[in-house]
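As C-alpha cells, the structure follows; a few thoughts come after it.
In what follows, every chain begins at residue 1, and chains take the letters A, B, ... in the order their sequences are listed. Remember, it's a predicted structure, so these values are computed and weren't measured experimentally.
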Amino acid sequence: MSGRKRLLIGGCAIIFVAAGRMTAGQTSRAEGLAAWQRVYSVLTHPRCINCHTATAYPQQGDDRHRHGFNVVRGQTGTGVPAFTCATCHQRVNADSTGVPGAPGWHLAPLSMQWQDLRDQIMSSGAICRVMTDRSKNHNLDGAGLLKHHEEEPLVLWAFQPGRGLDGSPRSIPPLTHAEFIAATRTWVEAGIPCPAR
Amino acid sequence: MANYTLTVNGRQTEVDVDPGTPLLWVLREHLKMTGTKYGCGIGACGACTIHVAGVAARACLLPVSLVGNRPIATIETMASDSVGRVVQDAWIATDVVQCGYCQSGQIMTAVALLKAVPKPTDAQVEQAMGGNICRCGTYVRIRQAIARAAQQLG
Amino acid sequence: MLNRRTFLRASSAAAGGMLVSLYIDLPARAQSPALPIYPPDAFIHVRPDGTIVIQVNRLEFGQGVQTALPMILADELDADWSHVVGELAPAADVYKDPIYQLQMTGGSISVPHSFQQYRELGAQMRAMLVATAAQSWGVMPAQCRTENSIVYGPANQSARYADLAGDAARRPVPGEVRLKTPSDFRLIGTPVRRLDSRAKCDGSLRFGMDVDLPGLKVALVARPPVYGGRVKSLNDREARGVAGVRDVFEVPIIRGGIGVAVVADTFWMAKQARDRLNIEWNLSGVEHADTSQMRTRYAELSRTTGNVAVSRGDVTVLDRIPAADRIVADFSFPYLAHTPMEPLNTTIRFDGDRAEAWVPSQFQTMDQIAIAEVLGLKPEQVTFHTEYAGGGFGRRTPLDSHVQREAAAIAKRLRGTPVKVMWTREDDVQGGYYRPMFVHHVEVGMDARGMPAAWRHVVVGQSHIIGTGPPWEGGLVKNGVDELVVEGTADSRYAIPNFHVSAHQPTINVPVAQWRSVGMTHNAFVMETLIDELAVRAKIDPIAYRLVLLRPDAKKLRNPLALLDEKTKEWRFRVPRNHAVGIACNEYHETGVACAVEVSIESSRPRIHRATVTADVGMAINPLTLEAQFQGGIVYGLSQLMANGAITFSDGRVNQRNFDGHTPPYMKDAPVEMDVHIVASTEAPTACGECPVPVISPAVVNALFRLTGKRYRMLPLATL
C-alpha cells in the first residue's frame, strides 16, 4: 500500500472513531441511514408524533386530529393553569376510562416539532436534522439521543399505549421498543447521519 | 372489588369498589356526594372537575385505583376554602348560573386558576376555562365573575 | 265548549307558538265556565321561622322561573324577599297551567299565563294575614299596612306573618282582591338575583340525576343502532358476571323497538355490564336513514312545489325578471341534538297499587299519565315529584313521554325497588328527537330599488307534528303544512308582494322534536342571509334595508332595529381592518330581536368579539334574568355554526357518539362581550328564552361574507 493511501485509510479510521465513539466504527453511513429510516418510521407514528406538533395544540388518534376540548400547549407544554395535561392524564394508562398516561405527560417542546404549522409531517431529512441539532434537542449528542429513547417515560409509553374507551388497544409503532433502540444504536454508531431529504 | 382509602375534603374514608371505577362515580354513588356532575364521561365537558393534590382533574376519567393518597377536594368544600368562597360569592353576585348543572365544574376550574394565577389575563381565563361546557351559555358572566373574584382576592 | 272569557284569555296570551292550539282542540276539556280557584295554601307556606316557601308550578331548567314566579307572588304578598324560598311543585291539578290545564313548561307561557295567578295568590294571602292581625287588634284591615313580612297596625302594632299564618290559614280565601298598581311594585321589574344560585354554586342543589333513595338501583338500556330495531339474540352471560348486576331483560322502546335493560347497584356496574352484552340486532323492516341519500332526495324535492303554506300575489313575476336580478340559493341544515348538560333520567318505584316518580319533567301531567298507563295505574296513583333539570332546550319535550314510558316498564319489572333509569351522553347524542334536517330552495327576483319583488321558497324537512293526531295536529297543520316547519318564512314580516312558500314533509325513520326556537332555527337563517345578500347588492346598510322592507306594522322588529342602530352607531362603522359586522333580526312568539356582531377569523374559525342584542319583549319582569336568557340563547344558537355541529346518519346509524363528535360552543366560540338592551315598554310581557337563538347564526355568517366574500348556506360551518 502506498504511504498516501495508508494515511487516507488511517485518517478515515480516525474520523470514524471520532464520530462513532461507541464502537470500533464498523457501521457505514449507508447502514446508518437505513437505521434512521427505521427510527423515522417510529417517530412519525401517531403515538409519537401526536405530541410533536408545531402548533399550540397536541393531536390525538390514529387520524392525528386536533386534540379536542380546547386543550392547549401552554408555556411549558404541560397545558395552562387549571387545564393541564394532568387534568386528565395520569402516570399510567387508565384503561377503564380510555385515557393514555405516563409519568410527566406533556408536549414535546416546539424546538422538537416534527410537523409543520399545517400539521403535515416533515420529511425524513428534516426531522433528522431537527433531532440532531443540539441547539434544539436539549444539547443531546448521539449517546444522549439513545439514552432518551431508552429511558424517557413518554417514549416507553408509545409501545404500551393502553386501550381506548371501547376496549380496543391503541395502535403501536411499527417496531418494538427493543427494535427501536437497536435501530437508534445503529444510527448513532454510524454518526447520526441524515438523508438529504 | 378492592379497598381504597381516600382523603376527600380533609376526611379519610374507605370504599370497596372495582379498581377501574372512575372517581366521579365513587364520589357520587358510594360517598353520596352528588355535587360533582356527570356530563359526558369522556373529559370533554368539565362538569366533573375536582382538585386532586391541588390540581384540577376530571373525575370521570380518573380510576379510583390511580388516586393513591393524593387529597381530593370537591365542590362541597369550596365554601370553606378561602378562594372557593370568594369565587362562589362572585358567581352569586354576578348571577352566573342558569340551570347550574355545569357550575360545580366551572367553579372548581376557576378556583384552580385563581390559586395558580391570582390576576389572570382575559386570555388566561379563556384558556383555563376553555374546556368547560355550559349549554345555557353563561360564558360572558363567568368571565365577569372571575374578574370580580380576582379583584376581591386583591 | 269553551266560554268566551277563557278563549279570549288564551288568544291574548297568544304567546303559545307551537302550543297555542292545544287548548282549542282538547276534546275532553272540562265544561266548567270559569277558571279554577287556586287555594293559597297549596302555593304558600309560611314557616314559624319566617321562611316563606312558594310552590312553583313549572320546571326550573335554567330559565329562572323558580325565581320569577315567587317574585311576582312575593311582591303582592309584601314578603321579606330575603326569606323567600321557591320549590318545584309536584304534579297535581292545582299546579296545572291556568289556561292550558296541563302542568307543563314551554312555549314561553310560564310568566304570561301565571302572572295574574301568582299575583292573586300573593294578594289573597296578604289579605288573610292582614284580616287576622286587624281582628286581633280590633281595627279595620284598611287601617293596616304590610312590609317585609310584617303587618303594621294604625297604633304602631306589628305582627310577623310567621306568627299570623296559623290563624290566617283558617280564614276563608277572599274572592276579590286588590292588586298593586305597577308603580307600587318593589320586586317585579327589578333585577332580582336568582333564588337557586347558592345551592347551584355549592353542589347542594339536587337535580334529577342526583336523586338517591334507600335501595335504589340504576338501569341503563342498550338500544338498537337503528330506530325500531329489535333484539334478535341476547347473550348476557358476561354482563351478568359483573359484580353488582341485578337483572338483564328486554324492554320495549320507541317505534316498536326492543332494547335490553341492565339493572345494577351503581351506574358504573350497569355500564360495565351493558358494555359486555352480546346482542344481535334485527334491523330489518325499518328504514335505515342515511344522510347522503336524504341530501339527494331532499334536493330533488326542493325543486318541486310542495304543500302550499303561503301564496300571495303572483310569484310567476319571478320568471320574467332577468337572471342578473335574481338570486337562486340552496341551503341545508343538519340534524341537531340538544345535549342539555344533564342527560335524561327518571327514577320510579312501583309498589303494585301505587307508584312514586322523581322526574326533571317539562310535562308533568302527560308524563304522569304515561307512567300510570304503563304501570296499569290511574294517574292519581302516581306521586310525581318535579326535580330540577340541567337544561332542556327541547329535549325534555317529546310528546310521547318516551323516556318515562321506558323507565316505567323497567320499574314495573322491579316492583318494590326504586330504579333510576339513566341515559349516558352517548345514549343522548344517539337517541334521536333531533331538530330535523332541512333543505331550502329559494328564488328571489329584485325590483329596480333592489327590494325583493318576487320570492319562491320551498322547505323540505320532517314535521314532528304531522301524524300525531289531536290535539296538536289540528291546530298546527293547515293545508298539509306544519306551521312549525315554515315559521320564520311563511309568517315573515317583510313586505314581499309576490310570495310563495311551500313545504315537503317527508316521513323518515328518525324521531324529531323541537329544538330551542324550533322552525326559526333554519328559516330565520335563510331569510336573514338572503336579506343581507339583497342589501349588499342594493348597496344599502343592512339595518336601513330591513327598515325599508319590513311591513309598517312590524313594530316588534322595527323597535329593536332602531335601538340596535342607536346602540351600535359608535362602533359598527369603525371596526378594525380584519373585522366585520353582521346584522340579523327575527320575531318569535311576539318578541322581536335584532343583533349586531363584530367578527374576525382566528385559526380558521369565526371569533366573535362582541354581540349587541336588542329586543322588544313587552314589560320585563326581571331584567337580570332577561339579559341572562338573551346571552344564553345567543350562545345556544351558535351550536349551529360549530365545525362538528351535525348529527349525520350512515345506514341508519348515528355517526356521532359524544361531545367529541357533536361539539357544542365552548367559551372561545361564544362572543367575548355581549350587551343586551330591552326596548322600553309597558305592554304585556312576551317570550324570552327562545327568541335570541335564531339571530346569531345569520348575523355571524353575514359578517363572514364581508371577510371572505363567501355566502355560507350549508351548515354546519365546517370550513371558512
Side-chain angles (χ1 to χ4, degrees), chain B residues 1 17-18 20-22 24-26 28-30 32-42 44-45 47 74-79 84 87-89 91-104 107 122 125-127 129-143, chain C residues 60-64 191 193-194 196-207 209-210 212 218 243 266-269 272 338-343 388-393 424-426 624-625 628-629 631-636 638 658-660 663-668 670-674:
Chain B
M1 302 289 248
V17 289
D18 179 65
T21 309
L24 170 65
W25 298 106
V26 174
R28 289 182 57 81
E29 296 187 300
H30 298 269
K32 309 295 183 184
M33 296 167 63
T34 55
T36 308
K37 304 300 185 195
Y38 166 72
C40 71
I42 61 167
C45 75
T74 70
I75 186 67
E76 283 90 347
T77 204
M78 285 298 109
V87 170
Q88 284 176 333
D89 288 349
W91 244 244
I92 291 164
T94 314
D95 221 41
V96 172
V97 314
Q98 292 188 25
C99 86
Y101 194 82
C102 77
Q103 299 294 346
S104 297
I107 287 170
D122 290 346
V125 169
E126 193 173 295
Q127 289 194 322
M129 306 301 295
N132 285 66
I133 297 174
C134 172
R135 282 310 260 143
C136 296
T138 65
Y139 299 122
V140 165
R141 287 196 183 171
I142 287 175
R143 289 178 190 265
Chain C
E60 171 60 57
F61 56 150
Q63 83 282 40
R193 292 196 178 92
R194 301 178 64 108
D196 54 5
S197 221
R198 187 165 288 283
K200 289 178 174 176
C201 287
D202 66 14
S204 65
L205 189 127
R206 186 176 86 170
F207 292 85
M209 191 62 95
D210 303 325
D212 189 34
V218 172
T266 68
F267 168 81
W268 191 251
M269 293 164 175
Q272 295 305 296
H338 311 73
T339 63
M341 280 311 292
E342 183 202 18
Y388 281 85
F393 316 117
T424 62
R425 180 59 63 193
E426 288 84 3
L624 201 53
T625 308
Q629 283 300 290
Q631 291 178 336
I634 290 287
V635 178
Y636 200 78
L638 286 168
N658 201 312
F659 286 139
D660 52 351
T663 309
Y666 286 84
M667 184 184 269
K668 81 182 216 306
V672 179
E673 283 174 13
M674 267 196 273

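Neither the backbone nor the side chain of B/Met33 comes within contact range of chain C, judged by heavy atoms closer than 4.5 Å. No part of C/Pro191 comes within reach of chain B, as not one of its non-hydrogen atoms sits under 4.5 angstrom from that chain. Contacts of C/Thr424 with chain B are made by both backbone and side-chain atoms, with heavy-atom separations under 4.5 Å. With a 4.5 Å cut-off on non-hydrogen atoms, C/Val218 touches chain B through its side chain but not through its backbone. Proximity to chain C (any heavy atom under 4.5 Å) is restricted, for B/Ala47, to the side chain, taken from C-beta onward. Using a 4.5 Å cut-off between heavy atoms, C/Ala628 touches chain B through backbone and side chain atoms alike. For B/Asn132, the part sitting under 4.5 Å from any heavy atom of chain C is the backbone (N, CA, C, O) and nothing else. For B/Ile107, the part lying near chain C is the side chain, with the backbone staying farther off; criterion is any non-hydrogen pair under 4.5 Å. With a 4.5 Å cut-off on non-hydrogen atoms, C/Gln272 does not touch chain B at all. Contact annotation for B/Glu29: only side-chain heavy atoms (C-beta onward) come within less than 4.5 Å of a heavy atom of chain C. Of the two parts of C/Leu205, only the backbone, made up of N, CA, C and O, holds a non-hydrogen atom closer than 4.5 Å to a non-hydrogen atom of chain B. Looking at B/Thr138, neither its backbone nor its side chain comes within 4.5 Å of chain C, counting heavy atoms on both sides.
C/Arg206 places no side-chain N or O within 3.5 Å of a backbone atom of C/Asp212 that could act as its donor or acceptor partner. Judged by distance alone, with hydrogens and angles left aside, the side-chain atoms of C/Asn658 form a donor-acceptor pair with the main-chain N or O of B/Cys40 at under 3.5 Å.
For the residue pair B/Arg135 and C/Thr339, a side-chain donor N or O sits within less than 3.5 Å of a side-chain acceptor on the partner.
Of all the listed residues (B/Pro22, B/Gly84, B/Gly35), the one sharing the greatest number of non-hydrogen pairs under 4.5 Å with chain C is B/Pro22. When each of B/Tyr139, B/Tyr38, B/Trp91 is scored by its heavy-atom pairs under 4.5 Å with chain C, the top score falls to B/Tyr139. Residue with the most contacts toward chain B among C/Arg198, C/Gln63, C/Met269: C/Arg198 (heavy-atom pairs, distance under 4.5 Å). Each of B/Cys45, B/Cys102, B/Ala93, B/Ala79 has some count of heavy-atom pairs under 4.5 Å with chain C, and the biggest count is that of B/Ala93. When each of C/Glu426, C/Met667, C/Gln629 is checked for heavy-atom pairs under 4.5 Å with chain B, C/Met667 comes out on top. Interface summary for chain C: among B/Lys32, B/Met129, B/Met78, B/Gln103, the most heavy-atom pairs under 4.5 angstrom belong to B/Lys32. Note: B/Gln98 leads B/His30, B/Gln127, B/Gln98 in heavy-atom pairs under 4.5 Å with chain C.
At a threshold of 4.0 Å, the pair B/Glu126-B/Arg143 counts as salt-bridged, since one of the basic side-chain nitrogens sits closer than that to a carboxylate oxygen.
Here the shortest heavy-atom pairing between C/Asp210 and B/Lys37 reads OD2-NZ, 2.6 Å. When all heavy atoms are compared, the tightest approach of C/Cys201 to B/Ile92 is SG-CG1, 4.2 Å. Contact between C/Gly392 and C/Pro340 at its shortest, heavy atoms only, is N-CB, 3.9 Å. Closest of all the heavy-atom pairs between C/Glu342 and C/Arg425 is N-NH2, 4.2 Å. C/Lys200 approaches B/Val97 most closely through the heavy-atom pair CD-CG2, 3.8 Å.
Between C/Phe207 and B/Tyr101, the ring-plane angle classifies as perpendicular under the 30° and 60° cut-offs.
The CZ atom of C/Phe659 lies 8.0 Å from the CD1 atom of B/Ile42; values are rounded to the nearest 0.5 Å.
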Can you check ring pair (Phe, Tyr, Trp, His ring centres under 6.0 Å) on C/Tyr388 and C/Phe61, steps first, answer last?
-> CA-CA 6 Å; C/Tyr388 281 85; C/Phe61 56 150; over 10 Å; no
